Amino acid sequence: AVKIMLCGKECSRTAEDEHTFYNHFLSLNFAENYSIVISKKERIWIDKVESEARAMLELQQSPHVLGAYAAGWYKSRHTLRSEHPYISSAPRDGVGAYGIAMELANESLQYAIYRTTLSETQVALFAAGVVFGLRDMHAKGVLHCDLKPPNVLVVPVDGIDLFVAKIADLGSACCVAKSFDCSSWNLPSCAEARFGTANYWAPEKKDTATNTFATDVFSAGLMVYEMLSANNGPDARTFSELVADVSDLYADAEEKGVWQELNMSIAIPHSAIEDPLRELLRCTLILDPKARCDIGRAARFAERMLAAVKL
């Protein structure tokens, strides 16, 4: 058995101290029942991974969230020194770290959209996967709070040369309120700081504690826009230009009290899905959060895209 202990005195133990501590227990023949001393920083990291595991395991009924099969402390067959910045570098014979056994994916959406030109069907599948995954999370009262292409993974579809997108990396996920299913999952509250990635923040998100269904929806819209801009060639309006516009127009709105519309004139070279895809962008990227569509409405546009490509 392994007992996890949090070190005291502001976690002043060095890696050498931990190794000495560990060897002391070995000398007392406690090899099968010893303690691992971890720092406060590592404890915080473990709490985050445990929270991510709980969210993933509770969301397993959704085919649009990456699968998780088990979570916990795993054994190591060798004495290793961890290179993770938040994990002690002291050797820990027989003990690895806390981890999650997840569904196998090919790559992140980030790599997929910048590596190759996507077909019309593949664009529809990726956009729908992101929207459907977020819909299933929001139905349980869970916000992702860090939606971006690196945090979505792509998984092959059996029998055909296509991939689906599945939301992953739920380390920043939180529960909106006690009235939702997630209230019993022991997730952080969405009123707490959830850092995310500033480039994908909704314009009304002034700080890390501003987390709502609407902020998640805006992030999803930005991801879909980025997927299109990455696949439109060198002359296409870039994602960074759109992010700059969001910032400028929000500053404008604060000063004048009037929300404006983003310029979303990006080319969509896919005739079958162009109309519902453009509607999806328009409704998710409205700057005024009160007028922005919820994820349920966005999902209806995604369903129309899939129908258009006969999926």
Side-chain angles (χ1 to χ4, degrees), residues 4-8 10-11 38-60 62 64-66 68 71-73 84-87 97-100 102 130 133-152 166-223 243 246-247 250 254 284 287-290 292 294-296:
I4 307 303
M5 297 174 58
L6 183 63
C7 68
E10 298 181 354
C11 300
I38 63 174
S39 69
K40 184 177 180 181
K41 184 180 285 188
E42 185 174 356
R43 177 73 260 175
I44 292 171
W45 179 81
I46 291 167
D47 287 344
K48 179 177 180 179
V49 178
E50 286 181 328
S51 176
E52 178 176 7
R54 283 193 296 272
M56 292 184 73
L57 291 168
E58 292 286 356
L59 289 164
Q60 285 310 285
S62 171
H64 311 292
V65 176
L66 193 72
W73 288 88
H84 195 289
Y86 289 170
I87 297 180
Y98 193 92
I100 308 172
M102 302 181 192
V130 171
L134 195 58
R135 176 197 60 191
D136 295 346
M137 292 179 66
H138 284 189
K140 299 293 184 181
V142 179
L143 303 187
H144 189 282
C145 298
D146 195 17
L147 276 174
K148 57 183 179 181
N151 289 348
V152 174
K166 298 196 177 192
I167 292 179
D169 202 337
L170 304 186
S172 295
C174 60
C175 186
V176 172
K178 293 181 178 179
S179 57
F180 285 94
D181 291 358
C182 61
S183 61
S184 62
W185 300 358
N186 199 27
L187 297 182
S189 165
C190 293
E192 298 176 16
R194 318 304 298 156
F195 290 93
T197 304
N199 272 356
Y200 296 87
W201 281 11
E204 71 274 14
K205 187 174 168 72
K206 294 182 179 180
D207 55 53
T208 56
T210 305
N211 306 296
T212 66
F213 291 121
T215 58
D216 256 4
V217 167
F218 194 88
S219 298
L222 283 175
M223 285 180 56
V243 170
V246 171
S247 179
Y250 181 64
E254 281 199 310
T284 56
L287 292 178
D288 183 353
K290 295 177 182 177
R292 194 176 304 148
D294 62 20
I295 199 63

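Numbers here are sequence positions counted from 1. Owing to the predicted nature of the structure, the values given are computational and were not obtained by experimental measurement.
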Residue of the set L143, D294, I295 for which side chain to side chain contact (heavy atoms under 4.5 Å, CB included) holds with F213: L143
Distance, nearest 0.5 Å, that separates CE of M137 from CG of L59: 6.0 Å
Would you list the atom pairs, donor with acceptor, under 3.5 Å between side chains in residues 167-179 and any protein atom, with sequence neighbours excluded?
none

Straight-line distance of L66 CG to Q60 CD, nearest 0.5 Å: 8.0 Å
N199 side chain to K148 side chain, donor-acceptor N/O pair below 3.5 angstrom: no
When rounded to the nearest 0.5 angstrom, what is the spacing between CZ in F180 and CG in L187? 13.0 Å
Could you walk me through whether K205 and N211 pass the side chain to side chain contact (heavy atoms under 4.5 Å, CB included) test, one step at a time? CA-CA 7 Å; K205 187 174 168 72; N211 306 296; 2.5 Å; yes
Any donor-acceptor pair under 3.5 Å from D136 side chain to S62 backbone: no
Between D216 (side chain only) and C145 (backbone N and O only), is there a donor and an acceptor less than 3.5 Å apart? yes
Test V217 against every option in L222, T212, T284 by the side chain to side chain contact (heavy atoms under 4.5 Å, CB included) rule and name the one that passes. T284
Just how far is it from atom CZ of R54 to atom CD of E50, taken to the nearest 0.5 Å? 6.0 Å
Side-chain contact, heavy-atom cut-off 4.5 Å: E52 with I100? yes
With sequence neighbours left out, the residues meeting side chain to side chain contact (heavy atoms under 4.5 Å, CB included) with S219 are L147, Y200
Okay, side chain of D207, backbone of T210: is any donor-acceptor separation there less than 3.5 Å? yes
For D288, check side chain to side chain contact (heavy atoms under 4.5 Å, CB included) against everything at least two apart and list the hits. W259, I286, K290, A291
Hits for salt bridge (Lys or Arg N to Asp or Glu O under 4.0 Å) against E204, two or more places apart or cross-chain, chain-then-number order -> R292
Going by the rule side chain to side chain contact (heavy atoms under 4.5 Å, CB included), which residues pair with A191 if we only count those two or more places apart in sequence or in a different chain? S189
Restricting to salt bridge (Lys or Arg N to Asp or Glu O under 4.0 Å), what partner residues turn up for R194, sequence neighbours left out? none
Hey, mind stepping through W185 and K140 against side chain to side chain contact (heavy atoms under 4.5 Å, CB included) and telling me if it holds? CA-CA 10 Å; W185 300 358; K140 299 293 184 181; 3.8 Å; yes
